[in-house]
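Each chain gets a letter, A, B and so on, in the order the sequences are listed, and its residues count up from 1.
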2 protein chains.
Amino acid sequence: MAIPRAAKTQRRTRIQEEKEERILEAALDVFSVSGFRGTTIDQIAEAAGMSKPNLLYYFRTKEAIHRQLIDRVLDTWLEPLRAFNAEGNPEAEIRSYIRRKLEMARDFPRESRLFANEILQGAPHIEDELKGPLKDLVDEKAEVIRTWARAGKIAKCDPYHLIFSIWSTTQHYADFDVQVRAVLGHNLSGEGRFEDAARFLEKLFMDGLRVTATS
Amino acid sequence: MAIPRAAKTQRRTRIQEEKEERILEAALDVFSVSGFRGTTIDQIAEAAGMSKPNLLYYFRTKEAIHRQLIDRVLDTWLEPLRAFNAEGNPEAEIRSYIRRKLEMARDFPRESRLFANEILQGAPHIEDELKGPLKDLVDEKAEVIRTWARAGKIAKCDPYHLIFSIWSTTQHYADFDVQVRAVLGHNLSGEGRFEDAARFLEKLFMDGLRVTATS
DNA sequence: GTAATGTTTTACCAATCGGTCAAATTATCG
DNA sequence: CGATAATTTGACCGATTGGTAAAACATTAC
């Protein structure tokens with residue numbers, strides 16, 4: 001008799017690792033579009049090319065799949081902010097943060113939408129992570145920004161709202177992609193939208209942060 | 001026998017108007033959190049304080065409720081952009097647009113989230129509206145902004161990405177409210193978040209659009 | 001080989017889904 | 001008042017939901 005669901009100490013089989021990856025990949029497709037409640041196990045199973053009971057052999061519940069996805073995304077999602085370096089050049093750090101966040105929106109739109117869906121629905125699965133690790137990290141980096149401002153290296157501004165506005169403007173190109181495409185149309189301007197966005201956002205934030213005579 | 005579902009020429013009864021409003025109100029609560037697929041008729045019915053068959057007496061299908069909500073939101077949502085006046089003072093117009101969008105995020109967060117949910121899911125119900133009326137309106141206002149820039153009244157910038165960034169930064173405070181609250185904590189800074197955001201965003205965009213010697 | 005384990009399938013379950021129906025109830029109008 | 005139309009309810013439908021049981025099948029270890 002099989003000890004069900006990979007309960008053994010080691011994840012031995014190659015097949016197990018492979019199938020789990022395929023399930024997560026398929027689940028990301030579906031969850032990122034339909035949200036948790038709107039997604040069915042059958043949809044995921046079909047997208048992963050296996051039967052529902054077979055899928056449930058690897059993940060006991062829908063929640064289990066979702067949680068693992070969310071955990072992964074939360075981790076990689078904050079990497080750019082973690083890389084934010086207090087010792088570096090302020091303008092360069094912020095500019096590179098914007099660029100990296102925009103690249104993530106371009107390269108991992110499903111992950112961005114999964115996260116957006118979760119927040120939109122009131123973050124029922126990750127409230128603790130938001131109030132804990134996320135808040136702590138933002139608090140830390142906000143203090144860095146405030147220090148830079150006090151030292152006169154960048155203009156004075158609310159560091160929290162600065163971070164919020166970088167998050168929102170960059171993630172917009174992943175989460176609201178359909179709308180962006182619809183508005184830009186499929187003419188030339190739509191294709192290079194990430195390059196255009198990068199140019200625009202870097203200018204916007206750099207102008208806003210540059211120390212001016214009036215500030 | 002009743003001619004079902006308000007098929008008569010006139011919406012006569014007060015009770016009808018009243019119940020329909022109560023249903024839409026309840027539906028907005030649920031749809032804005034769970035999205036279309038994630039919402040059940042029973043949830044809406046319970047939130048509206050009536051039985052499911054009773055609710056279905058006023059709206060034949062779940063789609064019908066959703067569509068009416070979406071239509072309403074789409075209309076009111078674009079009002080601030082429509083109010084954008086080509087003859088007005090550029091800086092004042094943009095500043096007031098930001099303020100009004102932020103006020104809408106504060107006063108109508110459910111409407112914002114309903115819209116966000118729809119876009120996140122690929123805008124299956126409103127693709128045409130996005131490519132038609134929305135695109136036309138944005139095209140028109142983008143041209144206004146471009147004219148201002150050419151006349152040297154504001155700095156040169158991509159008007160589409162300017163609009164996107166105003167949309168995203170303001171709506172962020174409605175759509176990602178849970179995250180914003182979690183990060184700010186429930187200390188003083190969290191309560192005045194809309195005022196703080198207004199200050200920050202106005203400064204950000206105004207600095208970025210002011211004509212400088214270097215541009 | 002064979003025995004033990006790991007994987008997949010078939011059949012199934014109770015609960016919930018969107019929605020219908022006809023009868024019961026209530027409001028409206030003359 | 002009575003009649004007619006509007007509203008509400010409870011019982012119900014077939015399809016889909018998340019998930020299970022057990023047996024069939026495949027793989028590995030010895």
Side-chain angles (χ1 to χ4, degrees), chain A residues 1-24 26-27 29-31 33-70 121 124-125, chain B residues 1-24 26-27 29-31 33-70 121 124-125:
Chain A
M1 265 22 60
I3 291 174
R5 279 141 194 151
K8 282 293 188 63
T9 38
Q10 273 192 300
R11 165 167 306 154
R12 222 184 326 354
T13 59
R14 199 173 303 107
I15 191 169
Q16 205 167 104
E17 214 162 320
E18 211 176 280
K19 290 283 169 78
E20 281 179 13
E21 209 46 53
R22 239 171 67 196
I23 292 169
L24 289 172
D29 268 343
V30 188
F31 277 133
V33 167
S34 300
F36 182 77
R37 292 220 48 204
T39 294
T40 72
I41 299 182
D42 294 271
Q43 284 178 305
I44 302 174
E46 199 201 324
M50 62 181 74
S51 69
K52 179 166 64 172
N54 196 182
L55 180 150
L56 286 165
Y57 172 74
Y58 293 101
F59 292 89
R60 254 190 291 270
T61 63
K62 189 167 83 162
E63 271 89 355
I65 311 174
H66 189 255
R67 161 136 300 270
Q68 188 147 333
L69 276 177
I70 284 278
Q121 291 170 19
H125 304 95
Chain B
M1 286 326 127
I3 291 175
R5 279 143 194 149
K8 282 292 186 66
T9 37
Q10 273 190 302
R11 164 168 307 152
R12 220 181 332 352
T13 58
R14 199 174 303 103
I15 190 170
Q16 206 168 103
E17 216 162 319
E18 210 176 282
K19 289 285 169 79
E20 281 179 13
E21 209 46 53
R22 238 172 68 197
I23 292 169
L24 289 172
D29 268 343
V30 188
F31 277 133
V33 167
S34 300
F36 182 77
R37 291 218 49 203
T39 294
T40 72
I41 299 182
D42 294 271
Q43 284 178 304
I44 302 174
E46 199 200 325
M50 61 181 75
S51 67
K52 179 165 63 171
N54 197 183
L55 180 149
L56 286 165
Y57 172 75
Y58 293 102
F59 291 89
R60 253 191 292 272
T61 63
K62 188 168 82 163
E63 272 89 354
I65 310 174
H66 189 254
R67 164 136 297 271
Q68 188 147 333
L69 277 177
I70 285 277
Q121 292 171 18
H125 305 95

Note: B/Ile23 and B/Ile44 closest approach over all heavy atoms is O-CG2, 4.0 Å
Checking D/dG19, D/dT7, C/dT10 against the side chain of A/Pro53 (C-beta onward), the nearest is C/dT10
B/Glu63 atom CD is separated from C/dC17 atom P, nearest whole Å, by 15 Å
From CZ of B/Arg37 across to C1' of D/dT17 the rounded distance in Å is 10 Å
Taking C/dC17, C/dT7, D/dT8 as options, the one with an atom nearest any side-chain atom of B/Tyr57 is D/dT8
What residues 40-51 of chain A contributes to the DNA chain D interface at heavy-atom separation below 4.0 Å is A/Thr40, A/Ile41, A/Asp42
B/Glu18 CD to D/dA6 P, in whole Å, measures 18 Å
Checking A/Arg22, A/Gln16, A/Glu17 against A/Glu20 for side chain to side chain contact (heavy atoms under 4.5 Å, CB included), the one that qualifies is A/Gln16
B/Phe36 vs B/Phe31 aromatic rings, parallel, tilted or perpendicular, using cut-offs 30° and 60°? parallel
Using OP1 and OP2 only, check whether a side-chain N or O of A/Lys19 sits under 4.0 Å from C/dT8. yes
Whole-Å distance, B/Glu20 CD to D/dA6 P, equals 14 Å
- Can you find a donor-acceptor pair, distance only, under 3.5 Å between B/Lys62 side chain and C/dG19 base? no
Is the shortest side-chain N/O distance from B/Asn54 to OP1 or OP2 of D/dT9 below 4.0 Å? yes
Only residue of A/Thr39, A/Val33, A/Thr40 satisfying side chain to side chain contact (heavy atoms under 4.5 Å, CB included) with B/Arg37 is A/Thr40
Atom CG of A/Leu55 and atom C1' of C/dT9 are separated, to the nearest Å, by 14 Å
Separation of D/dC12 atom C1' from B/Lys52 atom NZ, nearest Å, is 11 Å
Tightest non-hydrogen contact, residues B/Gln68 and B/Leu24, listed as NE2-CD1, 3.7 Å
When rounded to whole Å, the CD1 to C1' distance for the pair B/Ile15 and D/dA5 reads 13 Å
Whether A/Gln16 contacts C/dG6 is assessed here as follows: a side-chain N or O lying under 4.0 Å from the phosphate OP1 or OP2. Is that the case?
no
May I ask you to test the A/Leu55-A/Ile65 pair for a side-chain heavy-atom distance under 4.5 Å? yes
Side-chain contact check for A/Leu56: nearest option of D/dT7, D/dT20, C/dT20 is D/dT20
#### Entry: Heavy-atom side-chain proximity of A/Ile70 to A/His125 below 4.5 angstrom
no
note: A/Phe59, atom CZ; D/dG18, atom P; distance rounded to Å ~ 16 Å
